[in-house]
**Q** 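Below: one structure in structure tokens.
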Amino acid sequence: MRIFRKVSCCAVLLNSLLGLAHAAGDPARGSRVFGQCAACHSVAPGEHMTGPSLAKIWNKKAASAEGFSRYSEALKRADAVWNEATLDRWLVQPEKLVPGTSMTFPGLKEAKDRQDVIAYLRAVSEGKAHQAQQGGRAMMGMRREKLDLRKVPAEGQVTSITHCGDTYTIGTADGKNQKIWEFNLRFKTDSSKLGPLPGKPVAVGAGMQGDRASVVFASPKEISEFIKQSCP
């Protein structure tokens with residue numbers, strides 16, 4: 001009976017240790033799994049995308065990233081702190097944890113994937129994720145690095161935009177003009193330090209090589225000021 005108890009205790013201790021090891025997660029692997037989040041979130045401080053920067057979220061209240069203003073009302077009302085338990089539930093299904101959230105994410109169904117991402121985000125917050133980040137970027141080619149729109153080549157520097165009927169004509173600094181159906185042209189703004197200089201809009205995306213384009217301005221007021229009505 002004593003032997004059985006000793007074995008049982010050892011088994012419980014072993015299971016506990018394995019559980020702790022699993023809970024700790026692997027930040028290097030987590031950086032690669034984070035590729036599924038990188039289209040909307042950055043881990044660079046202050047770099048907000050569709051979603052907020054996740055650089056310093058560990059043990060911070062939800063919806064509290066400085067400089068991010070697109071939180072849903074549901075998340076702002078939620079009394080949640082980003083720790084291991086909360087992040088695990090969030091990564092399973094955000095809508096279930098916070099009904100009404102604007103985050104559309106199908107969730108990470110594998111527990112190991114969630115634990116590794118959580119370990120990565122904690123390492124990022126604690127400034128210990130340099131190697132993990134580099135490994136993640138090498139493995140996940142899908143990661144979109146934000147372009148510096150102040151350093152684009154001449155073919156992306158927009159010098160004029162005219163509109164006639166259902167067509168926009170975009171002139172660029174390389175001396176070329178591209179006609180685009182109005183429904184296929186998007187106008188955007190980027191007020192960040194990587195955005196275009198005032199009065200220097202930039203064409204990005206599939207844009208000047210095909211039938212679609214996006215033109216990015218430094219501020220909204222520039223859009224109407226820059227476009228001229230002109231029909232041959």
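Each residue takes its place number in the sequence, starting with 1. Below, all heavy atoms of this structure are taken into account, side chains as well, without hydrogens, waters or symmetry copies.
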**Q** Val152 versus Leu147: any side-chain heavy-atom pair under 4.5 Å?
**A** no

**Q** Mind checking whether Phe183 and Asp166 have side chains closer than 4.5 Å, heavy atoms only?
**A** no

**Q** Under a 4.5 Å cut-off applied to non-hydrogen side-chain atoms, are Val117 and Asp113 in contact?
**A**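 Result no, sub-4.5 Å side-chain heavy-atom pair not found.
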
**Q** Are any non-hydrogen side-chain atoms of Gln157 and Asp174 less than 4.5 angstrom apart?
**A** no

**Q** Classify the ring geometry of Tyr71 against Phe68: parallel below 30°, tilted from 30° to 60°, perpendicular beyond 60°.
**A** perpendicular

**Q** Would you call Phe226 and Val215 a side-chain contact if the rule is heavy atoms closer than 4.5 Å?
**A** no

**Q** Can Lys61 and Asp79 be counted as an ion pair, charged N to O under 4.0 angstrom?
**A** no

**Q** Heavy atoms, side chains only, cut-off 4.5 Å: are Leu54 and Val124 in contact?
**A**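 No, every pair of side-chain atoms sits at 4.5 Å or beyond.
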
**Q** Please name the pair of heavy atoms, one in Thr50 and one in Arg70, separated by the smallest distance, quoted to 0.1 Å.
**A** O-NE, 3.8 Å

**Q** Any side-chain heavy atom of Leu87 sitting closer than 4.5 Å to one from Trp58?
**A**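 Yes, their side chains come closer than 4.5 Å.
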
**Q** Any idea how Phe217 and Phe187 line up, ring-wise: parallel (<30°), tilted (30 to 60°), or perpendicular (>60°)?
**A**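 Ring orientation of Phe217 relative to Phe187: tilted.
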
**Q** I'd like to know if the side chain of Arg114 reaches the main chain of Lys109, judged simply by a donor and an acceptor atom lying under 3.5 Å from each other, with no hydrogens or angles considered.
**A**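 Checked: pair present.
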
**Q** Write out all pairs satisfying side-chain hydrogen bond (donor to acceptor under 3.5 Å, both in side chains) with one or both partners inside residues 217-229, taking only residues at least two apart or from two chains.
**A** His163-Gln229

**Q** With a sphere of 6.0 Å drawn around CZ of Arg150, does it hold more than 12 non-hydrogen atoms of other residues, nucleotides or ligands?
**A**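 It does: Arg150 CZ has more than 12 such atoms within range.
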
**Q** In terms of hydrophobic clusters joined by side-chain contacts under 4.5 Å, are Leu108 and Met103 together?
**A** yes

